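Here the structure comes first, spelled out in structure tokens, and everything after it is commentary.
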Amino acid sequence: MATQASASPMPEGVTDPNYKPLPGRLGNLTVPQQHALEELKKKLQEEEIFVPERMDDATLLRFLRARKFDVEKAKAMIVACEQWRKEFGVEEIWNNFDFKEKELVDKYYPQYYHKTDKEGRPLYVERLGLLDIKALYAITTQERQLQRLVYEYEKFLRERLPACSRAVGHPVETSCTILDLQNVSLSNFYRVKDYVMAAASIGQDRYPETMGKFFIINAPWAFSTVWTFIKPWLDEATVAKIDILGSSYKDKLLAQIPAENLPKEFGGLCQCPGGCSLSDAGPWNPQKE
């Protein structure tokens, strides 16, 4: 059943009676937005760009929202994304990529998904402050780090979000991220900035509208310099989702993330056997829940 004043029906599989889609989502589209969705799909089909298994209405709406429902700009974004997928070898990565060095990389640059926030979104943690660039690139390469990033984005869309959606009874389309900058140094950041910029570009251009909330914690005084460098790369909507916190972040995190889901090192109660960073605990991995 559609929400009042929506030009589109509710998405399938909604069991949460209190679910109210945000604007620009299925179940809460204006008439012009619904027309834009239909026009985009028609153009992609006519130009034989449409890939049914990867371009459902929710996905097309992500690209439309990223381009403020400008159909031509959204189509150009999808065309560029499809070209990038071929050049980067995304399907090959999804089917065959094996990040054998994962446990070692976790020591020098932890990046991991872990359980969910209070809105049912996957929690993603990145501890840039633990980065040891020399040790990291002795065991892996920037290319493999980016391949891993893309593999995890694909898993996020194909497995994590659907599992989270089933768990809460309504569509979950975004993540909640914690970027920990404790003890980060400017010299270390500048040595890894090419990777960080490439990763940000992939996220924004190839997997748009997947950031829900972004906490930057333990931000040092020098972070304002780094933020000045990063901010121009991000659009206004992305910047609005980012919360920059110093060392007094615990209450803010716990307001968004259940204590039992938040790793102990961030003020939560979770202590997964073998460490939260390697547990892959979440609705997508029921035996680890």
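Keep in mind the model is a prediction, meaning the values are calculated, not measured.
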> Just how far is it from atom OG1 of Thr177 to atom CG of Asp243, taken to the nearest 0.5 Å?
Replying inline: 12.5 Å
>> One pair to check against side chain to side chain contact (heavy atoms under 4.5 Å, CB included): Leu269 and Leu262. What are the steps and the verdict?
In response: CA-CA 6 Å; Leu269 301 173; Leu262 184 64; over 6 Å; no
> Out of curiosity, does Val192 fall in the hydrophobic cluster containing Ile178 (side-chain heavy atoms, cut-off under 4.5 Å, transitive links)?
Replying inline: no
> Are Lys102 and Asp280 ion-paired here, with the side-chain N under 4.0 Å from a carboxylate O?
Replying inline: no
>> Rounded at 0.5 Å granularity, tell me how far NZ in Lys213 sits from SG in Cys176.
In response: 8.5 Å
> Is it true that a side-chain atom of Asn261 and a backbone atom of Asp117 form a donor plus acceptor pair closer than 3.5 Å?
Replying inline: no
> Under the 3.5 angstrom rule, does the side chain of Ser279 hit a backbone N or O of Cys276 as a donor-acceptor pair?
Replying inline: yes
> So, the side chain of Glu87 versus the backbone of Trp84: is there a donor-acceptor pair under 3.5 Å, distance only?
Replying inline: no
> Does Glu91 offer a backbone N or O that forms a donor-acceptor pair with the side chain of Asn95 under 3.5 Å?
Replying inline: yes
> With a 3.5 Å cut-off and no angle check, do the side chains of Gln145 and Tyr109 form a donor-acceptor pair?
Replying inline: no
>> Taking CD in Glu48 as the centre, count heavy atoms belonging to other residues, nucleotides or ligands within less than 6.0 Å. Is the count above 12?
In response: no
> Between Glu173 and Arg121, is there a side-chain N and carboxylate O pair less than 4.0 Å apart?
Replying inline: no
> Can you find a heavy atom in the side chain of Ile242 that is under 4.5 Å from one in the side chain of Trp227?
Replying inline: yes
>> Measuring from atom CD of Gln142 to atom CZ of Arg144, what distance do you get when rounded to the nearest 0.5 angstrom?
In response: 13.5 Å
> Looking only at atom types and distance, does a side-chain atom of Asn28 sit under 3.5 Å from a main-chain N or O of Pro21, one as donor and one as acceptor?
Replying inline: yes
> If you take all heavy atoms of Tyr151 and Ile93, which pair is closest and at what distance?
Replying inline: CD1-O, 3.7 Å
> Relative to the ring of Tyr207, is the ring of Tyr153 parallel (under 30°), tilted (30 to 60°) or perpendicular (over 60°)?
Replying inline: parallel
>> Quick test of your reading of the model: are Lys68 and Asp70 salt-bridged, counting only N-O distances below 4.0 Å?
In response: no
> What class does the angle between the rings of Tyr113 and Tyr124 fall in, given that below 30° is parallel, 30 to 60° is tilted and above 60° is perpendicular?
Replying inline: tilted
>> One pair to check against side chain to side chain contact (heavy atoms under 4.5 Å, CB included): Lys43 and Val71. What are the steps and the verdict?
In response: CA-CA 9 Å; Lys43 284 178 180 288; Val71 173; 3.9 Å; yes
>> Quick test of your reading: applying salt bridge (charged side-chain N to carboxylate O under 4.0 Å, His left out), list the pairs with at least one residue in residues 221-233, sequence neighbours left out, ordered by first then second residue.
In response: none
> Does Tyr112 have any ring pair (Phe, Tyr, Trp, His ring centres under 6.0 Å) partners at least two apart in sequence or in another chain, and if so, which?
Replying inline: none
>> Less than 4.0 angstrom from a charged side-chain N to a carboxylate O is my criterion; do Arg67 and Glu72 meet it?
In response: no
>> Checking Arg25 now: which residues fulfil salt bridge (charged side-chain N to carboxylate O under 4.0 Å, His left out) with it, not counting sequence neighbours?
In response: none
>> Tell me whether Arg62 contacts the main-chain N or O of Thr210 through its side chain, where contact means a donor paired with an acceptor under 3.5 Å.
In response: no
> Shared ILVMFWY cluster between Phe214 and Leu157, side chains joined below 4.5 angstrom?
Replying inline: yes
> Under 3.5 Å, is there a donor-acceptor pair between the side chain of Ser8 and the main chain of Gly27?
Replying inline: yes
>> Is it the case that the side chain of Lys241 and the backbone of Met211 share a donor-acceptor pair, with hydrogens and angles ignored and the cut-off at 3.5 Å?
In response: yes
>> I'd like to know whether Glu82 forms a side chain to side chain contact (heavy atoms under 4.5 Å, CB included) with Arg54, so could you lay out the CA-CA distance, the side-chain angles of the two residues, the decisive distance to 0.1 Å, and finally the verdict.
In response: CA-CA 10 Å; Glu82 286 300 297; Arg54 207 167 57 242; 2.4 Å; yes
> Salt bridge or not for Glu154 and Arg85, using N-O below 4.0 Å?
Replying inline: yes
> Can you tell if the side chain of Ile78 reaches within under 4.5 Å of the side chain of Lys75, non-hydrogen atoms only?
Replying inline: no
> Between Ile257 and Lys115, is any pair of side-chain heavy atoms under 4.5 Å apart?
Replying inline: no
>> Does Gln147 form a side chain to side chain contact (heavy atoms under 4.5 Å, CB included) with Phe99? I'd like the steps, not just the answer.
In response: CA-CA 9 Å; Gln147 288 172 341; Phe99 199 59; over 6 Å; no
> Are Gln256 and Glu119 close enough that a side-chain donor and a side-chain acceptor fall under 3.5 Å?
Replying inline: yes
> For the side chain of Ser165 and the backbone of Leu161, is there at least one donor-acceptor N/O pair under 3.5 Å apart?
Replying inline: yes
> Which residue pairs pass the salt bridge (charged side-chain N to carboxylate O under 4.0 Å, His left out) test with at least one member in residues 257-266, sequence neighbours excluded?
Replying inline: Arg127-Glu265
>> Determine whether a donor-acceptor pair (N or O, by modelled atom type, separation under 3.5 Å) exists between the side chain of Lys118 and the backbone of Leu254.
In response: yes
> Is the number of heavy atoms from other residues, nucleotides or ligands under 6.0 Å of Glu12 CD greater than 12?
Replying inline: no
> Taking C-beta and beyond as the side chain, do Phe229 and Met197 meet within less than 4.5 Å on heavy atoms?
Replying inline: yes
> How many angstroms lie between NZ in Lys86 and CD in Glu92, if you round to the nearest 0.5 Å?
Replying inline: 15.5 Å
> Should the pair Asp57-Lys41 be classified as a salt bridge under the 4.0 Å nitrogen-to-oxygen rule?
Replying inline: yes
> Going through the distances and angles, do Ser277 and Asp106 end up as a side-chain hydrogen bond (donor to acceptor under 3.5 Å, both in side chains)?
Replying inline: CA-CA 7 Å; Ser277 61; Asp106 184 66; 2.9 Å; yes
> Looking at residues at least two apart in the chain, or sitting in another chain, which of them share a salt bridge (charged side-chain N to carboxylate O under 4.0 Å, His left out) with Asp251?
Replying inline: none
>> Tell me whether Lys250 at atom NZ has more than 12 heavy atoms from other residues, nucleotides or ligands lying less than 6.0 Å away.
In response: no
>> The criterion is salt bridge (charged side-chain N to carboxylate O under 4.0 Å, His left out); which residues satisfy it with Glu103, sequence neighbours excluded?
In response: none
